[in-house]
There are 2 protein chains.
Amino acid sequence: MTMAQGATADSASKTLMGSVYDRLRRDIVDGELRPGARLRFDELKESYGVGLSPLREALTRLAAEKLVILEQNRGFHVAPISRSDLNDLLLMRQEIESLAILRSIERGDDQWESAIVAAIHALGKRQSLTAEGHIDPEWELRHRTFHDSLVAACDSPRLLLYRQQLTDHADRYRRLSHHYVSSGRDHLAEHCALSDAVVARDAEAANRLIRQHLARTVEIIQADEDLQKSGLED
Amino acid sequence: MTMAQGATADSASKTLMGSVYDRLRRDIVDGELRPGARLRFDELKESYGVGLSPLREALTRLAAEKLVILEQNRGFHVAPISRSDLNDLLLMRQEIESLAILRSIERGDDQWESAIVAAIHALGKRQSLTAEGHIDPEWELRHRTFHDSLVAACDSPRLLLYRQQLTDHADRYRRLSHHYVSSGRDHLAEHCALSDAVVARDAEAANRLIRQHLARTVEIIQADEDLQKSGLED
DNA sequence: ATTTCTATAATTTTCGAAAATCAATAGAAA
DNA sequence: TTTCTATTGATTTTCGAAAATTATAGAAAT
């Protein structure tokens with residue numbers, strides 16, 4: 001029994017490649033690993049404490065999701081960020097999210113509705129910023145739970161898979177822009193309006209509101225000059 | 001210099017994992033590797049003539065695209081097929097293809113139009129079936145080229161990536177259903193109507209026609225009782 | 001000074017063996 | 001006869017070293 005360095009509790013009873021994939025993904029999405037950064041195996045072996053095989057597999061998987069880039073015999077890099085990529089991401093998110101919500105509206109049952117009402121309620125009970133001005137992790141969790149609840153009835157594995165991948169990319173941009181929450185934006189009002197439209201099965205309004213919601217986040221990120229320093233180009 | 005068994009000419013100057021990925025993908029999409037088939041490393045090493053590392057990486061990449069399934073410590077399998085999966089695939093294809101075409105209609109220039117006209121012309125010059133009743137590879141190539149030409153101006157890397165992945169899945173179902181071409185269907189008429197609508201920038205008609213086109217293919221596949229034997233369940 | 005070539009160093013890619021895990025079977029106990 | 005446990009066998013997963021490739025630095029030539 002060599003298996004020991006299980007790091008995060010939940011990585012128990014998982015393959016090494018599985019847990020190193022999770023950790024790499026989180027580090028990239030959290031911005032710990034900077035956009036464009038070179039990923040050398042010697043360093044990765046050091047910092048993640050695993051051998052080549054699970055590392056290469058995890059990176060290959062991340063490359064398929066476009067969170068990292070693989071260049072022939074020249075190694076892996078964290079995917080760069082750019083304005084045009086952010087615009088492309090917004091476009092796809094608007095289409096995929098709205099599609100998932102519209103299908104959920106068509107197919108959702110009472111239990112689906114209840115989960116949304118519960119999620120928006122829980123979200124409203126929590127401030128997005130802590131006393132120190134940082135984003136509250138618990139708020140982030142409830143925020144994700146709320147958005148997930150909206151699409152939970154869409155009944156399409158592929159739609160949910162693509163949505164998940166796009167959300168990862170969006171989260172990365174969002175977290176690279178530190179103060180994305182503190183821009184005087186009324187999150188709760190937006191979320192409530194969205195929740196109301198969905199629960200009322202108002203497809204037209206839900207479609208309009210989710211697209212607006214996603215677009216506003218991107219506007220804030222685009223305006224963040226700090227992000228230039230993270231390597232945002234065209 | 002150990003590199004030698006480059007199989008298909010184009011795999012030169014490519015990494016081993018890259019070419020074994022290409023070969024595995026083709027074998028799966030072509031139905032050579034049956035749905036649900038177990039992929040044991042001993043056998044794969046034998047038949048593809050490479051070591052474990054490039055094989056595992058290639059399979060990991062294919063797993064991310066859902067062409068193969070990875071189960072913890074229980075190996076890789078070719079992704080199974082099912083009616084519900086085929087329906088899910090159709091749903092996503094209709095959305096993604098129509099979106100790509102509509103964006104191309106908005107953004108395409110004269111050169112884009114010309115390429116479509118050229119592609120539909122080339123497609124019309126070729127019979128889909130050979131004298132022996134098989135699908136003509138040259139027709140398949142022109143068919144793909146035509147459909148690609150329709151979306152060539154959509155200007156969205158993510159949209160094109162997802163479209164490519166969905167097309168791979170669709171091609172697999174289509175090829176598992178041997179006589180998908182020979183069902184008395186008038187391909188050329190459908191393609192011409194689609195081409196005309198797109199070149200005329202008639203978004204409404206193009207949207208309707210592409211969705212119909214995709215749905216008809218699925219109808220034929222669903223009706224193919226041969227496919228039951230390939231493992232099509234719910 | 002600039003370029004080109006060669007030798008060296010750094011890094012990725014691949015292989016083969018060791019370790020870990022899962023499936024199957026046989027044997028013991030109920 | 002059935003159920004449970006231990007052992008064997010088959011297979012995946014992981015490691016560490018070898019091979020191949022790319023990058024770097026210095027020397028020679030223009």
Side-chain angles (χ1 to χ4, degrees), chain A residues 1-8 10-25 28 33-34 36-64 67-80, chain B residues 1-8 10-25 28 33-34 36-64 67-80:
Chain A
M1 195 202 281
T2 302
M3 170 74 180
Q5 65 283 57
T8 50
D10 59 305
S11 74
S13 84
K14 254 188 148 178
T15 196
L16 251 184
M17 112 80 152
S19 51
V20 79
Y21 164 81
D22 286 340
R23 292 211 280 156
L24 276 165
R25 191 172 75 130
I28 292 170
L33 294 168
R34 313 296 298 176
R38 196 169 166 201
L39 298 167
R40 274 202 233 76
F41 282 104
D42 280 336
E43 299 177 11
L44 295 177
K45 260 166 59 174
E46 173 79 14
S47 41
Y48 291 90
V50 297
L52 281 180
S53 311
L55 271 173
R56 281 195 69 88
E57 273 181 59
L59 288 172
T60 299
R61 213 172 138 193
L62 289 165
L67 281 174
V68 314
I69 305 298
L70 167 60
E71 282 175 301
Q72 296 271 357
N73 291 319
R74 302 192 51 201
F76 292 87
H77 293 250
V78 178
Chain B
M1 197 202 281
T2 302
M3 168 76 179
Q5 65 282 56
T8 51
D10 58 304
S11 75
S13 84
K14 252 187 150 182
T15 195
L16 251 184
M17 112 80 153
S19 51
V20 78
Y21 164 82
D22 287 341
R23 292 211 281 156
L24 276 166
R25 192 172 74 129
I28 292 170
L33 294 168
R34 312 297 296 176
R38 194 167 167 205
L39 298 167
R40 271 203 238 77
F41 283 105
D42 281 337
E43 297 177 12
L44 296 176
K45 261 166 60 174
E46 174 79 14
S47 43
Y48 291 90
V50 297
L52 282 180
S53 311
L55 271 174
R56 283 196 67 89
E57 272 180 60
L59 288 173
T60 299
R61 211 171 140 193
L62 290 165
L67 281 175
V68 314
I69 305 297
L70 167 60
E71 282 174 300
Q72 294 271 358
N73 292 317
R74 302 191 51 202
F76 292 87
H77 292 249
V78 178

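What you see is a predicted model, and the numbers here were worked out from it, not measured in a lab. Convention: sequence-line order gives letters A, B, ...; per-chain numbering from 1.
A distance of 9.5 Å separates CG in B:D22 from CE in B:M17, rounded to the nearest 0.5 Å. Here CZ of B:R40 is found 9.5 Å from NE2 of B:H77. Values are rounded to the nearest 0.5 Å.
The interatomic distance linking A:E43 (CD) with C:dA10 (P) rounds to 14 Å, in whole Å. Distance, B:E46 CD to D:dT11 P: 14 Å, rounded to whole Å. Atoms CZ (A:F76) and P (C:dT12) sit 9 Å apart, rounded to a whole Å. Between the NZ atom of B:K14 and the P atom of C:dT14 there is a distance of 12 Å, rounded to whole Å. Going from atom CZ of A:F41 over to atom C1' of D:dC15 covers 14 Å, rounded to whole Å. For the pair A:R56 CZ and D:dG16 P, the computed distance is 17 Å after rounding to whole Å. Note: OH (A:Y21) to P (D:dT14) measures 15 Å, nearest angstrom. If you measure from atom CD of B:Q72 to atom P of C:dA23, you get 12 Å, rounded to the nearest angstrom.
For A:L52, counting side-chain heavy atoms from C-beta on, the closest listed nucleotide (D:dA17, D:dT13, D:dT14) is D:dA17. Among the nucleotides D:dC15, C:dT13, D:dT12, the one closest to any side-chain atom of A:S53 is D:dC15. With C:dT13, D:dT22, C:dA23 as the candidates, the nucleotide lying closest to the side chain of B:R74 is C:dA23. When the nucleotides C:dT13, D:dC15, C:dT11 are ranked by their closest atom to the side chain of B:T15, C:dT13 comes out on top. Here the nucleotide nearest the side chain of A:R38, chosen from C:dC22, D:dT13, C:dT12, is C:dT12. Here the side chain of B:R40 is nearest to one of C:dC15, C:dT11, D:dT11, namely D:dT11. Here the nucleotide nearest the side chain of B:L16, chosen from C:dC15, D:dA23, C:dA23, is C:dC15. Closest approach to the B:V50 side chain among C:dT13, C:dC22, C:dC15 is made by C:dC15 (side chain taken as heavy atoms from C-beta onward).
Tested against B:L59, the residues B:L70, B:V20, B:L67, B:L44 include a single side-chain contact (heavy atoms from CB on, under 4.5 Å) partner, B:L44.
Within 6.0 Å of CD in B:E71 there are more than 12 heavy atoms belonging to other residues, nucleotides or ligands.
Note on A:L39: only backbone sugar-phosphate atoms sit closer than 4.0 angstrom, heavy atoms only; bases stay farther off.
No side-chain heavy atom of B:V78 sits under 4.5 Å from any side-chain heavy atom of B:R34.
For D:dT11, the paired base is C:dA20 (Watson-Crick or G-U wobble, both distances below 3.5 Å).
Mapping A:N73 and B:L70 onto DNA chain D via the closest heavy atom, the residue that lands nearer the 5' end is B:L70.
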